[in-house]
Amino acid sequence: DAQRARGQLEAFAAERDLRIASWYVENESGARLARPELFRLLADARPGDILLVEQVDRLSRLTQHDWERLKAELGQRRVRVVALDLPTSWMMATPHADEFTARLFEAVNGMMLDVLAAVARKDYEDRRRRQTQGQARAKAEGRYKGRPEDARRNAGIASMLQAGLSWSAIRAATGASRTTIAKVARRASGQGSD
């Protein structure tokens, strides 16, 4: 809930006399690097700005490779990450008296961010694995049917395909994923119904 998180972030900023310059609400998964709002934020950021997030896993549940790419982007833009669930990062929200202290806090914060990003990724992978195992077991026992097909939408997709509309146009009209459109297209061509 973005509004719940917003209240917590506002309270944190107010306690530290920080001014929130802008809000960016991302609806993409933290497990994906392709996140338009995050990269809009980075494009708007100036050196020394703070990226304030509720939890590290909201920023990253990325693979190690993608996390390194994001960290490099943050470093290049000299954006400091402060997460409410990472108290060591709170030090990054206040100016430091000397360069040594600032660099020390940056190093500690960087290490802790790496640890929490790795933990968030592991948790994400563990949950996905357990979900897949549970679904496989339920299917084997005949208890899992999956999400019911939206027959009305799929009939519309089949009609649009038959009329020659592009997949992009069909996606825009129906909100269906490319996977769903492909499934309907295969079924319409007689190649199967999986």
- Roughly how far, to the nearest 0.5 Å, is CE of Met112 from OG1 of Thr88? 5.0 Å
- side chain to side chain contact (heavy atoms under 4.5 Å, CB included) evaluation trace for Phe12 with Val82: CA-CA 10 Å; Phe12 179 90; Val82 175; 3.8 Å; yes
- Task: With the side chain counted from C-beta on, respond yes when Glu106 and Asn109 share a heavy-atom pair under 4.5 Å apart, and no when they do not.
- Result: no
When the side chains of residues 159-177 are checked against the rest of the protein, which donor-acceptor pairs come out under 3.5 Å, sequence neighbours left out?
unit_1: Ser159; atom_1: OG; unit_2: Ala155; atom_2: O; d: 3.1
unit_1: Ser166; atom_1: OG; unit_2: Ala169; atom_2: N; d: 3.0
unit_1: Thr174; atom_1: OG1; unit_2: Ile170; atom_2: O; d: 2.8
unit_1: Thr174; atom_1: OG1; unit_2: Ala176; atom_2: N; d: 3.1
unit_1: Ser177; atom_1: OG; unit_2: Thr179; atom_2: N; d: 3.4
unit_1: Ser177; atom_1: OG; unit_2: Thr180; atom_2: N; d: 3.1
unit_1: Ser177; atom_1: OG; unit_2: Thr180; atom_2: OG1; d: 3.1

- Within a radius of less than 6.0 Å around CZ of Arg46, do more than 12 heavy atoms belonging to other residues, nucleotides or ligands occur? no
- Under 4.5 Å between any side-chain heavy atoms of Arg137 and Gln133, yes or no? no
- Mind checking whether Leu70 and Leu38 have side chains closer than 4.5 Å, heavy atoms only? yes
- Item | Salt bridge Glu37-Arg40, side-chain N to carboxylate O under 4.0 Å | yes
- Item | Joint hydrophobic cluster, Met91 plus Val79, side-chain heavy atoms closer than 4.5 Å | no
- Arg69 and Leu74, any side-chain heavy atoms less than 4.5 Å apart: no
- Message: Counting only heavy atoms not in Asp126 (residues, nucleotides, ligands), do more than 12 fall under 6.0 Å from its CG?
- Response: yes
- Charged N to carboxylate O under 4.0 angstrom, Lys71 versus Asp114? yes
- Query: Looking at CZ of Arg16 and CD1 of Ile50, how far apart are the two atoms once the value is rounded to the nearest 0.5 Å?
  - Reply: 10.0 Å
- Query: Is there a side-chain contact between Leu84 and Leu52, using heavy atoms and a 4.5 Å cut-off?
  - Reply: yes
- Query: So, does Arg35 use its side chain to make a donor-acceptor pair with the main chain of Arg32 at under 3.5 Å?
  - Reply: yes
- Item | Which atom of Arg61 lies closest to which atom of Asp57, heavy atoms considered | NE-O, 3.3 Å
- Message: Take a 6.0 Å sphere around CZ of Arg78 and say whether it holds more than 12 heavy atoms from other residues, nucleotides or ligands.
- Response: no
- Atom OG of Ser60 and atom CG of Leu33: how far apart are they, to the nearest 0.5 Å? 9.0 Å
- Message: Tell me whether Asn154 contacts the main-chain N or O of Val184 through its side chain, where contact means a donor paired with an acceptor under 3.5 Å.
- Response: no
- Any Lys/Arg nitrogen of Glu125 or Arg128 sitting under 4.0 Å from an Asp/Glu carboxylate oxygen of the other? no
- Is the charged tip of Arg6 near the ring of Trp23: under 6.0 Å from the six-membered ring centre and within 45° of its axis? yes
- Nearest-0.5 Å distance, CZ of residue Arg152 to CD1 of residue Ile157: 13.0 Å
- CZ on Phe105 to CZ on Phe100, rounded to 0.5 Å: 9.5 Å
- Message: My understanding is that only residues two or more places apart in sequence, or in another chain, count here; which of them pass side-chain hydrogen bond (donor to acceptor under 3.5 Å, both in side chains) with Asp44?
- Response: Tyr24
- Message: Count I, L, V, M, F, W, Y as connected when their side-chain heavy atoms are under 4.5 Å apart, and connections chain through other members. Are Val53 and Trp67 then in the same cluster?
- Response: yes
- Message: Just so I know, are the side chains of Leu59 and Leu51 near enough to count as touching, which here means a heavy-atom distance under 4.5 Å?
- Response: yes
- Message: With a 4.5 Å cut-off on side-chain heavy-atom distances among I, L, V, M, F, W and Y, is there a chain of contacts connecting Trp90 to Met111?
- Response: no
- Task: Examine Leu86 and Leu18 and state if one hydrophobic cluster contains both, with Ile, Leu, Val, Met, Phe, Trp and Tyr joined whenever side-chain heavy atoms are less than 4.5 Å apart.
- Result: no
- Query: Thr63 versus Arg121: any side-chain heavy-atom pair under 4.5 Å?
  - Reply: yes
- Message: Using every non-hydrogen atom in the two residues, find where Ala43 and Arg77 come nearest and quote the distance to one decimal.
- Response: CA-NH1, 3.9 Å
- Query: Backbone N or O of Ala83 within a donor-acceptor pair of the Ser89 side chain at under 3.5 Å?
  - Reply: yes
- Task: Decide yes or no on side chain to side chain contact (heavy atoms under 4.5 Å, CB included) for Leu113 and Val81, but give the supporting numbers first.
- Result: CA-CA 9 Å; Leu113 277 172; Val81 175; 3.8 Å; yes
- Item | Euclidean distance, Arg80 CZ relative to Asp49 CG, rounded to 0.5 Å | 8.0 Å
